[in-house]
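Worksheet: one structure, shown below.
Chain identifiers are assigned alphabetically (A, B, ...) following the order of the sequence lines, protein sequences preceding nucleic acid strands; residue numbering begins at 1 within each chain.
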Amino acid sequence: MPEGHTLHRLAGELQELVGERVAASSPQGRFAADAVDGAVVAGVEAYGKHLLVDLVDVPGVHVHLGMRGKLLRFAPVTGAPMPQVRLRLATPDVAWDLIAPSTCELLDAAGRARLLAGLGPDPLRADADPAEARRRLQGFPGSVGAALMDQSVLAGVGNVFRAEILHALRIAPDRPASRLTDAEVDALWSGLAAMMGQGVADGRIITVDVPPGQDRADVPEAVARRVYKRDACADCGTPVVTSTLQGRTVYACPRCQPA
DNA sequence: ACTGTATGACAAG
DNA sequence: TTGTCCTACAGTT
């Protein structure tokens, strides 16, 4: 489920490679792993949906999972990677296999700067500027639903978080972003920071209330969200309305989020 | 064993 | 707006 929370969680897990010399290989052959094979990992960071593995003395690796990408961890290392693995980064103790990413490329300092320049503030990053987020949201020339999906407005929000945060704040997706009140914009930022942060902690997106004592890991996927991919709104039971915006399905409750 | 669909983003037309 | 990447899984046959 690669929205921003997935990448930030992975970045946290990949800290185990920092300071380690890693063997790099590309069984699938579509990444020039020789260029980074044997390098020492200097740091791993997530910016929005992008993952940056910085290496000592050589360009870093830029990964974007796209819609289908996955990073799988094997510890101990049980054997050779599957043939479709784009990139394996491995130490003697652990292997990380990248499957089906939309991007896996070398990225030097200039490329990194160019990438980050195209991203809006990331609610999951401590160094993000909420005031900049407000400016970019209210300056967006379209609906708030479109704004939230634009990574140059906010980085890391995807289709699930869009649906759930707008529902949580009772904002209809087709409201013009320029007409959001200051209070709504601030609530979007802080609400996303909280919701996405919970996503990092859970390793998936759960927006329904979970009774104390119940393990969040036990919440079935089909009822983990309030409107996303639901037939009926989890809050009021009203049938969820779907529409299509720029090729993506938008979910909203017409009662909780009136136009 | 198939078919349809998906959390993303880009290029082409 | 559509096609593409070309995996994984849920649902259907």
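When the P atom is used for both dA8(C) and dC10(B), the distance is 23 Å, rounded to whole Å.
Remark: P of dT7(B) and CG of L245(A) are 13 Å apart, rounded to the nearest angstrom. In this structure, I205(A) atom CD1 and dT7(B) atom C1' are separated by 6 Å, rounded to whole Å. Between the NZ atom of K229(A) and the C1' atom of dG11(C) there is a distance of 12 Å, rounded to whole Å. Rounded to whole angstrom, the span from the CG atom of L98(A) across to the P atom of dA8(C) amounts to 12 Å. Between F161(A) atom CZ and dT7(B) atom P the separation is 13 Å, expressed in whole Å. Rounded to an integer number of Å, the gap from L72(A) CG to dA8(C) P is 8 Å. Between Q84(A) atom CD and dC5(C) atom C1' there is a gap of 15 Å when expressed in whole angstrom units. Taking atom CD on E221(A) and atom P on dG11(C), their separation rounds to 11 Å, with Å as the unit.
Across all strands, Y228(A) comes closer than 4.0 Å only to sugar-phosphate atoms, never to a base (heavy-atom distances).
Projected onto DNA chain C by closest heavy-atom contact, M82(A) and Q246(A) fall at different nucleotides, the more 5' of which corresponds to Q246(A).
Using modelled atom types, one side-chain atom of S26(A) and one backbone atom of R86(A) make a donor-acceptor pair closer than 3.5 Å.
Its side chain within the 4.5 Å cluster rule, M82(A) clusters with L72(A), F74(A), V85(A), I99(A) among the Ile, Leu, Val, Met, Phe, Trp and Tyr residues.
Inspection of the D182(A) and Q138(A) side chains reveals an N or O donor paired with an N or O acceptor under 3.5 Å. No donor-acceptor contact under 3.5 angstrom links the side chains of W189(A) and E184(A), judged on distance only.
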Check residues 245-257 of chain A and write down every donor-acceptor pair under 3.5 Å in which the side-chain atom is one partner and the other belongs to a residue at least two apart or another chain.
residue	atom	partner	partner atom	Å
Q257(A)	OE1	C253(A)	N	2.8
Q257(A)	NE2	L166(A)	O	3.4
Q257(A)	NE2	I171(A)	O	2.9

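Counting only heavy atoms from C-beta outward, the side chains of L154(A) and M149(A) never approach each other to under 4.5 Å. Between V44(A) and L52(A), every side-chain heavy-atom pair lies at or beyond the 4.5 Å cut-off.
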Is there any protein nitrogen or oxygen under 3.5 Å from a nitrogen or oxygen in nucleotides 8-10 of chain B, and what are the pairs?
residue	atom	partner	partner atom	Å
dG8(B)	OP1	K49(A)	NZ	2.8
dG8(B)	OP2	N159(A)	N	3.1
dG8(B)	OP2	R248(A)	NH1	3.1
dG8(B)	OP2	R248(A)	NH2	2.3
dA9(B)	OP1	H64(A)	NE2	3.2
dA9(B)	OP2	K49(A)	NZ	3.1

